[in-house]
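The analysis underlying the following values was restricted to heavy atoms, covering all of them including side chains, and did not include hydrogens, waters or symmetry mates. All chains are named by letter (A, B, ...) in the order of the sequence lines, taking the proteins before the strands, and each is independently numbered beginning at 1.
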Number of protein chains: 2
Amino acid sequence: MHNKIFQNFLGRKGLKMTRERFAVLEEVFSAPSHFDPEQLYARIRASALKASRASVYRTLSLLVESGLVEKVSRSGRGNIYEHTYGRRHHDHMICDVCGEIIEFYSENLENLQLDICGSNNFEGMSHTLEIRGHCENCRD
Amino acid sequence: MHNKIFQNFLGRKGLKMTRERFAVLEEVFSAPSHFDPEQLYARIRASALKASRASVYRTLSLLVESGLVEKVSRSGRGNIYEHTYGRRHHDHMICDVCGEIIEFYSENLENLQLDICGSNNFEGMSHTLEIRGHCENCRD
DNA sequence: AGTCCAATTGAAATTAAATCTCAATTTCAG
DNA sequence: CTGAAATTGAGATTTAATTTCAATTGGACT
C-alpha cells in the first residue's frame with residue numbers, strides 16, 4: 001500500500017512521517033491521477049488533514065523521489081504530476097485546445113526505444129514522450 | 001534563409017518585420033542550438049541590435065509558431081528552446097550523470113507515433129521524447 | 001511516560017519565469 | 001508622404017516554486 005511504501009522510503013532516508021506528509025499522500029492518491037501542485041494544495045486546504053503550501057511542494061518532491069509519483073509534463077506553465085503506484089508506464093497526448101490528457105502505451109514503442117538506446121550505447125532508465133496536438137473533439 | 005522564412009511568415013500573418021524582431025532572429029541563429037530565453041536576452045543586450053525582454057519573449061513565440069524554433073521540454077524551472085531551421089527533427093537522450101545531450105532520429109519511431117495518434121483519433125502536431133539514463137561514458 | 005534533539009512546519013518573504021499595460025514610436029501599404 | 005495599425009519598452013503584475021527561521025513535533029532511547 002502506498003502508505004507503507006512511503007513510510008519505508010522515509011525510514012530509509014532518516015525522515016519522519018508527519019501528519020502533513022500523510023495529508024499530502026492521502027490527497028495525492030484520492031485525486032485524479034493527473035494533478036498540479038496548486039490544485040492539490042487547494043484540495044488539501046479544503047480537507048480535514050491540512051498542510052501548508054510549502055509542505056505540499058516539499059512532500060511532492062519526496063513522493064517523486066520515492067517513485068510513487070512522477071512529474072509528467074512541462075509544456076504549460078507549471079508542472080503536472082501523476083501518481084503511478086500500481087499503474088503501468090504510459091505516455092501522453094495533450095490537446096492544445098482543451099487540455100485533455102490521453103494516456104497510451106505501445107509495446108512496439110518501448111522496444112523501439114530500447115533498440116535506439118542500444119545503438120547509442122546509452123543505458124535508458126526512464127523517458128517521457130509527450131505528443132501535442134488536437135484531440136478528437138477539438139479537430140475541425 | 002531563416003531571415004526570408006520569418007519575413008514570409010510575418011507577412012502571412014499581417015505582422016511587421018521590426019528591427020527588434022530581426023535582432024532576436026539573428027541572435028537565435030548565432031546562439032548554440034539549445035538556449036533559454038534569459039540567456040538569449042542577455043546576449044541581445046550585449047549585442048549591437050537590442051531588444052527588450054518583452055520583445056524577446058514575444059518574438060520567441062512567433063519563431064516557434066513559424067517553425068524555425070522549437071520548445072524543448074526540460075526538468076528545470078524555465079523553458080529551453082532550440083533552433084531547428086535546416087535541421088531535421090530529432091529527439092534527445094540526456095545523461096543524468098554528466099548532462100550530455102545526445103540527439104537521435106528514427107523514422108520508425110516517427111511512423112509509430114503517427115499510427116498511435118491515428119488509432120486515438122488524435123491530430124499530433126508536435127512531440128517531445130526525452131530519454132534519461134547513463135551515457136556511454138557514465139554507465140557503471 | 002518523559003527527555004531530547006534533529007527533523008519539520010507554516011507564514012511570509014523571496015526568487016524566477018513569463019506576461020501584461022499602455023503611452024510613445026515605428027512600420028509599411030497606398 | 002501619410003496615417004492607421006502594429007509594435008515597442010519600462011516597469012508592474014502574475015504565477016510557480018523555493019527559502020527563511022523561530023516555534024513545534026516525531027520518535028528513538030531510556
Atom pairs, N/O to N/O, protein against nucleotides 14-16 of chain D, distance under 3.5 Å?
none

Aromatic ring pairing H2(B)/F29(B), orientation class (parallel under 30°, perpendicular over 60°, tilted between): parallel
dA18(C) P sits how many Å from I80(B) CD1, rounded? 10 Å
Within this structure, what is the CG-to-C1' distance between L62(B) and dA18(C), rounded to whole angstrom? 15 Å
Toward the 5' end of DNA chain C, which comes first, Y81(B) or M17(B), by nearest nucleotide? Y81(B)
Whether the S126(B) and R132(A) side chains hold a donor-acceptor pair (N or O, under 3.5 Å, no angle test) is what I'd like checked. yes
Nearest-nucleotide comparison on DNA chain D, the residue closer to the 5′ end among S61(A) and K16(A): S61(A)
Using atom CZ of R21(B) as one end and atom P of dC28(C) as the other, report the distance to the nearest whole Å. 10 Å
Can you tell me if T18(B) touches the phosphate of dA6(D), counting only side-chain N or O atoms and a distance under 4.0 Å to OP1 or OP2? no
Is E20(A) salt-bridged to K50(A), cutoff N-O under 4.0 Å? no
Kindly give the heavy-atom pair with the smallest separation between L63(B) and L25(B), and that separation in Å. CD2-CD1, 3.7 Å
Would you list the pairs meeting ring-ring contact (aromatic ring centres under 6.0 Å, His included) in which at least one residue belongs to residues 119-140 of chain B, sequence neighbours left out? H89(B)-H127(B)
In whole angstroms, the gap separating C1' of dA16(C) from CD of Q39(B) amounts to 15 Å
Below 4.0 angstrom, N of the basic side chain to O of the carboxylate: do K71(B) and E82(B) qualify? no
Taking N or O atoms only and anything under 3.5 Å, show me the protein contacts with nucleotides 9-12 of chain D, one pair per line.
residue, atom, partner, partner atom, Å
dG9(D), OP1, S52(B), N, 3.3
dG9(D), OP2, S52(B), N, 3.2
dG9(D), OP2, S52(B), OG, 2.5
dG9(D), OP2, S55(B), OG, 2.4
dG9(D), N7, R58(B), NH2, 2.8

Whole-Å distance separating the CZ atom of F22(A) from the C1' atom of dT25(D): 17 Å
How many Å lie between CD1 on I44(B) and C1' on dT8(D), as a whole number? 14 Å
Test item: L62(B) and F6(B) side chains (from C-beta on) under 4.5 Å apart, heavy atoms: yes
Residue pair H83(B) / H34(B), side-chain donor-acceptor N/O under 3.5 Å: no
Given atom CG of L49(A) and atom C1' of dT9(C), what is their separation to the nearest angstrom? 15 Å
Name the one of E38(A), E27(A), E26(A) that satisfies salt bridge (Lys or Arg N to Asp or Glu O under 4.0 Å) with R43(A)? E27(A)
Rounded to whole Å, please give me the gap between CG in L15(A) and P in dG26(D). 15 Å
